[in-house]
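Have a look at this one.
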Amino acid sequence: MKNTKRKLSSEQSRELLSVLKTRFEKNKNRHKGLDWAKVQTKLEANPGKLWSLDEMELTGGEPDVVGYDKSKDEYVFYDCSAETPKGRRSICYDHEALESRKEHKPENSAVEMAADMGIELLTEVQYRELQQLGNFDTKTSSWIVTPPAIRKLGGALFCDRRYDHVFVYHNGAESYYAARGFRGSLRV
């Protein structure tokens with residue numbers, strides 16, 4: 001996943017912007033009152049962020065605008081795929097957890113993948129905000145930012161939606177499952 005280029009070609013940029021615009025127009029409930037032309041202008045001025053959105057897209061995240069921070073003049077994107085992104089599953093929480101496994105190591109960790117992609121894991125608050133926009137992770141689960149006190153003791157947090165409720169759980173940070181990945185956020 002590591003890519004030192006971190007810039008899309010003109011053709012890749014056009015293709016991604018087209019995908020993002022289509023998604024934006026199909027899901028107006030996620031970003032009421034926001035104008036795509038302004039979002040696109042911001043994206044075109046930030047090629048590194050556009051590259052990160054492409055990484056989100058390539059791994060199955062289906063990123064979409066979920067808000068606008070007026071104080072910072074930033075649009076907020078979250079992974080909005082129905083289930084945790086397919087290209088980011090079967091991973092443990094962070095590098096320390098990955099290194100602690102003696103056998104059957106996963107290929108990567110959520111924290112490292114997010115950093116490589118230039119995005120951040122969702123916090124619990126962000127995950128709950130996302131769930132207000134639809135029903136996500138009804139069959140999968142997603143690692144979320146874990147407080148240092150929990151991580152220091154070897155744990156990590158993840159969330160999902162079951163029984164029409166959002167649940168926060170804990171697991172050993174070194175654990176990984178085929179149905180657990182992570183969702184990211186990006187501010188542009």
Side-chain angles (χ1 to χ4, degrees), residues 1-27 30-31 34 36 38-69 72 74-98 105-123 126-127 129-130 133-134 136-137 140-146 156 158-159 173 176-188:
M1 182 85 54
K2 292 185 181 178
N3 183 334
T4 56
K5 182 177 159 193
R6 295 195 182 252
K7 186 176 179 190
L8 302 177
S9 69
S10 296
E11 183 179 333
Q12 290 171 313
S13 294
R14 277 193 303 277
E15 288 174 15
L16 178 61
L17 287 168
S18 175
V19 168
L20 294 173
K21 180 181 181 183
T22 300
R23 185 173 298 130
F24 184 92
E25 291 172 349
K26 284 184 179 178
N27 297 284
R30 295 179 185 161
H31 36 256
L34 297 182
W36 172 253
K38 291 180 180 177
V39 174
Q40 183 170 335
T41 298
K42 198 79 144 147
L43 289 171
E44 289 171 340
N46 290 281
K49 303 280 184 159
L50 198 56
W51 178 86
S52 291
L53 284 168
D54 193 54
E55 291 293 298
M56 292 169 81
E57 186 69 27
L58 291 172
T59 55
E62 300 177 22
D64 197 7
V65 179
V66 297
Y68 175 70
D69 183 339
K72 295 183 178 180
E74 292 177 329
Y75 291 95
V76 181
F77 286 80
Y78 288 171
D79 286 306
C80 292
S81 54
E83 302 300 335
T84 200
K86 288 183 182 179
R88 300 184 228 154
R89 296 182 189 174
S90 296
I91 55 174
C92 61
Y93 181 72
D94 61 11
H95 183 73
E96 181 183 343
L98 182 64
K105 287 187 180 201
E107 289 186 28
N108 210 335
S109 74
V111 171
E112 285 183 295
M113 281 186 81
D116 288 346
M117 295 168 69
I119 64 175
E120 296 180 0
L121 267 68
L122 294 184
T123 64
Q126 290 170 324
Y127 189 90
E129 287 172 356
L130 174 67
L133 303 174
F136 301 94
D137 286 339
T140 57
S141 61
S142 297
W143 290 114
I144 61 169
V145 173
T146 299
F158 65 96
C159 294
Y176 66 98
Y177 299 94
R180 184 174 307 147
F182 75 93
R183 293 176 179 277
S185 69
L186 180 70
R187 298 175 75 90
V188 182

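Only this structure's heavy atoms are used, side chains among them; waters, hydrogens and symmetry mates stay out.
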With sequence neighbours excluded, tell me which residues meet salt bridge (charged side-chain N to carboxylate O under 4.0 Å, His left out) with Lys42.
Asp73
Keeping Arg88 on the side-chain end and Phe182 on the backbone end, is there a donor-acceptor pair under 3.5 Å?
yes
Can you name the residues that form a side-chain hydrogen bond (donor to acceptor under 3.5 Å, both in side chains) with Ser109, not counting sequence neighbours?
Glu112
Quick one: list whatever passes side chain to side chain contact (heavy atoms under 4.5 Å, CB included) with Ala156, sequence neighbours left out.
Tyr93, Trp143, Thr146, Ala173
Please confirm whether the backbone N or O of Lys72 pairs with a side-chain atom of Asp69, one donor and one acceptor, at under 3.5 Å?
yes
Residue list, side-chain hydrogen bond (donor to acceptor under 3.5 Å, both in side chains) with Asp137, at least two apart or on another chain
Tyr127, Thr140, Ser142, Arg183
With sequence neighbours left out, the residues meeting side chain to side chain contact (heavy atoms under 4.5 Å, CB included) with Ser9 are Glu11, Gln12
Considering residues at least two apart in sequence or located in another chain, which fulfil the salt bridge (charged side-chain N to carboxylate O under 4.0 Å, His left out) criterion with Asp54?
none
The criterion is side chain to side chain contact (heavy atoms under 4.5 Å, CB included); which residues satisfy it with Glu107, sequence neighbours excluded?
none
Those residues that, when tested against Asn46, pass side-chain hydrogen bond (donor to acceptor under 3.5 Å, both in side chains) (two or more places apart)
none
My understanding is that only residues two or more places apart in sequence, or in another chain, count here; which of them pass side-chain hydrogen bond (donor to acceptor under 3.5 Å, both in side chains) with Tyr75?
none
Can you list everything that forms a salt bridge (charged side-chain N to carboxylate O under 4.0 Å, His left out) with Glu83? Sequence neighbours excluded, please.
none
Can you list everything that forms a side chain to side chain contact (heavy atoms under 4.5 Å, CB included) with Lys26? Sequence neighbours excluded, please.
Thr22
State whether the side chain of Lys49 and the backbone N or O of Arg187 hold a donor-acceptor pair below 3.5 Å, judged by distance alone.
yes
Using salt bridge (charged side-chain N to carboxylate O under 4.0 Å, His left out) as the criterion, list what pairs up with Arg23, not counting sequence neighbours.
Glu57
